[in-house]
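Here is the structure we will look at.
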2 protein chains.
Amino acid sequence: MSPAAEAEAPWARRPKRADGRRNYDAILDAARVAFAERGTGASLEDIAKSAGVAIGTLYGHFPTRETLVEATIREQLDQLDQAAAAQADGDGDPLGSLTTWMRLAVEHCSTYRGLASFLAGSTYTAGAPLHHTSVTVHKAAAPLLARAKQADRIREDVTAEELYAVITAAAWARENSPASTDHSVRLMAFMVAGMSPSAEVPARA
Amino acid sequence: MSPAAEAEAPWARRPKRADGRRNYDAILDAARVAFAERGTGASLEDIAKSAGVAIGTLYGHFPTRETLVEATIREQLDQLDQAAAAQADGDGDPLGSLTTWMRLAVEHCSTYRGLASFLAGSTYTAGAPLHHTSVTVHKAAAPLLARAKQADRIREDVTAEELYAVITAAAWARENSPASTDHSVRLMAFMVAGMSPSAEVPARA
DNA sequence: ACCTGAACACCGTTCAAGT
DNA sequence: ACCTGAACACCGTTCAAGT
């Protein structure tokens with residue numbers, strides 16, 4: 001919650017010098033491959049080796065694993081943000097817009113094994129590198145959620161936090177589903193149906 | 001799927017010699033404390049140290065981390081199995097019986113951070129130490145699920161695998177919720193409501 | 001401003017030697 | 001039948017020295 005944390009995130013910037021940018025990008029590329037293959041717990045030394053840089057170079061650009069994870073998915077999250085804005089501006093079916101966007105969010109939040117845990121963990125930790133990501137997803141969802149509520153397709157008492165919990169839980173299910181059958185789509189369908197005003201759900205305590 | 005895997009699990013047995021049993025139990029106690037504090041990824045060396053045994057002794061009883069995790073929760077799972085049998089025999093509300101039991105299952109499956117991932121991962125791996133656990137939960141749920149379907153409170157097309165996915169996803173949400181607010185109860189409520197025959201859920205592809 | 005790699009700490013895992 | 005702890009491999013992380 002310190003103002004310094006909000007002010008400037010040094011790890012968020014690409015280096016200015018040409019060789020620095022080249023290494024920075026090479027590390028990101030290698031990280032994406034490694035995370036895709038072995039999850040977000042992949043060996044940082046292997047990533048540095050694949051990128052052709054010394055381990056110290058990796059730490060220079062990304063002081064913690066979470067900063068590296070954040071950087072590998074930043075563009076996808078921007079895209080998710082834009083998709084939400086596009087859906088909210090359109091005049092399509094409010095529930096359809098929400099569910100379509102949620103499915104996209106689930107895909108993005110399950111890009112790598114372990115990502116959903118990182119995202120869930122950073123939500124309530126203001127200083128975390130992924131906290132900004134988490135907040136962005138919350139904000140992106142808000143207008144879509146509001147529109148679905150106004151159209152009486154989603155219960156009034158569903159909060160943005162709960163929607164985020166639904167998305168990350170489904171993303172986790174996707175990460176942990178066998179390749180043959182992805183359970184997350186069915187879980188999402190159940191949860192969205194359960195969030196309907198017509199569903200029999202006890203009020204929150 | 002090899003018959004040898006089904007036949008006998010050496011790590012599943014408590015040792016016969018007195019000193020062996022003492023160490024075995026001490027390791028289990030230490031593991032439960034460590035897993036509760038730091039999750040299922042806790043240091044095995046620390047656990048051995050807390051138990052007052054050499055690291056080789058721990059490996060002698062529990063050749064892999066998963067075997068140790070399995071042993072720490074075996075009694076809880078037996079209890080869950082018995083609870084299901086009790087609910088199925090009773091003549092209470094079928095949906096109430098199912099949801100009560102599911103909530104208990106969620107609690108048991110989220111005893112330690114990381115347990116839900118272990119459980120989800122072992123479902124489709126026949127040789128895994130936790131596979132038997134996973135199968136037990138599936139089997140325990142079956143009669144409760146059948147009763148709820150017969151009473152027309154749960155959609156006919158909901159499978160035992162999906163019910164298990166619902167439980168583990170909620171368990172994961174519980175593991176990853178802040179201490180102040182446990183999102184899993186709400187997610188469970190949404191999913192159970194979404195599994196109702198009256199809910200608007202598209203049929204499976 | 002950025003890169004390098006040695007150095008240290010810690011942990012997982014195995015295994016020869018013991019009782 | 002079980003225990004011990006040294007030994008090896010691997011990885012995370014830091015930092016003095018370089019360009």
Side-chain angles (χ1 to χ4, degrees), chain A residues 8-31 33-35 37-72 112-114 117-118 128-129, chain B residues 8-31 33-35 37-72 112-114 117-118 128-129:
Chain A
E8 190 68 36
W11 44 264
R13 283 197 316 247
R14 277 175 84 224
K16 283 163 194 167
R17 241 170 60 177
D19 59 341
R21 272 204 307 274
R22 203 154 10 108
N23 286 338
Y24 182 95
D25 292 339
I27 292 165
L28 273 187
D29 283 345
V33 172
F35 288 166
E37 281 175 356
R38 298 188 247 280
T40 54
S43 160
L44 298 179
E45 275 189 346
D46 277 356
I47 291 171
K49 212 166 290 177
S50 300
V53 301
I55 182 65
T57 304
L58 187 150
Y59 273 89
H61 291 300
F62 307 101
T64 67
R65 182 180 293 276
E66 194 178 343
T67 57
L68 180 55
V69 170
E70 192 276 336
T72 59
Y112 311 120
R113 235 175 330 116
S117 277
F118 266 110
Chain B
E8 190 65 37
W11 45 264
R13 283 198 314 249
R14 277 176 84 225
K16 284 164 193 168
R17 243 170 59 175
D19 58 342
R21 270 204 308 274
R22 202 154 11 105
N23 286 337
Y24 182 94
D25 292 338
I27 292 165
L28 272 187
D29 284 344
V33 172
F35 289 165
E37 281 175 356
R38 296 187 250 280
T40 54
S43 160
L44 298 178
E45 274 189 347
D46 277 356
I47 291 172
K49 211 167 292 178
S50 300
V53 302
I55 183 63
T57 305
L58 188 150
Y59 275 89
H61 291 300
F62 307 101
T64 66
R65 183 180 293 275
E66 195 178 341
T67 58
L68 180 55
V69 170
E70 192 277 335
T72 59
Y112 312 120
R113 236 172 333 114
S117 277
F118 266 109

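As the structure is a prediction and not an experimental result, all values here were calculated from the model. Note on naming: letters A, B, ... go to the chains in the order of the sequence lines (proteins, then strands), and numbering restarts at 1 for each one.
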Item to check | Step-by-step side chain to side chain contact (heavy atoms under 4.5 Å, CB included) determination, Leu28(B) to His61(B) | outcome: CA-CA 10 Å; Leu28(B) 272 187; His61(B) 291 300; over 6 Å; no

Item to check | Any donor-acceptor pair under 3.5 Å from Ser117(B) side chain to Gly114(B) backbone | outcome: no

Checklist entry - Quick one: does Arg21(A)'s side chain have a donor or acceptor within less than 3.5 Å of a partner on Lys16(A)'s backbone? => result yes

Can you tell me how far the [atom1] atom of [X] sits from the [atom2] atom of [Y], to the nearest 0.5 Å?
X	Y	atom1	atom2	value
Glu66(A)	Glu70(A)	CD	CD	8.5 Å
Arg65(B)	Thr67(B)	CZ	OG1	10.0 Å
Arg17(A)	Arg22(A)	CZ	CZ	10.0 Å

Checklist outcome for this item: DNA chain D nearest-nucleotide lookup for Gly41(A) and Ala54(B): closer to the 5′ end is Ala54(B)

Checklist entry - Of all residues at least two apart in sequence or in a different chain, which pass the ring pair (Phe, Tyr, Trp, His ring centres under 6.0 Å) check with Tyr112(B)? => result Phe35(B)

Next on the checklist: My understanding is that only residues two or more places apart in sequence, or in another chain, count here; which of them pass ring pair (Phe, Tyr, Trp, His ring centres under 6.0 Å) with Tyr59(B)?
Outcome noted: none

Next on the checklist: One pair to check against side chain to side chain contact (heavy atoms under 4.5 Å, CB included): Ile27(A) and Leu68(A). What are the steps and the verdict?
Outcome noted: CA-CA 9 Å; Ile27(A) 292 165; Leu68(A) 180 55; 4.1 Å; yes

Checklist entry - Can you give the first and last nucleotides of DNA chain C, 5' to 3', that have an atom under 4.0 Å from a heavy atom of chain A? => result dA1(C) to dA6(C)

Next on the checklist: Students often get this wrong, so: under 4.0 angstrom with heavy atoms, is Gly56(A) touching a base, only sugar-phosphate, or nothing?
Outcome noted: base

Checklist entry - Under 4.0 angstrom, heavy atoms only, what part of the nucleic acid is Ser43(B) near: base, sugar-phosphate, or nothing? => result sugar-phosphate

Checklist entry - Which residues within residues 44-53 of chain B lie with some heavy atom under 4.0 Å of an atom in DNA chain D? => result Val53(B)

Checklist entry - Taking for each residue the nucleotide of DNA chain C bearing the nearest heavy atom, is the 5' side occupied by Ile55(B) or by Arg17(B)? => result Ile55(B)

Item to check | Asp46(B): partners by salt bridge (Lys or Arg N to Asp or Glu O under 4.0 Å), with sequence neighbours left out | outcome: none

Checklist outcome for this item: All stems that DNA chain C takes part in, i.e. 3 or more consecutive Watson-Crick or G-U pairs with distances under 3.5 Å, are C:4-8 with D:12-16, C:12-16 with D:4-8

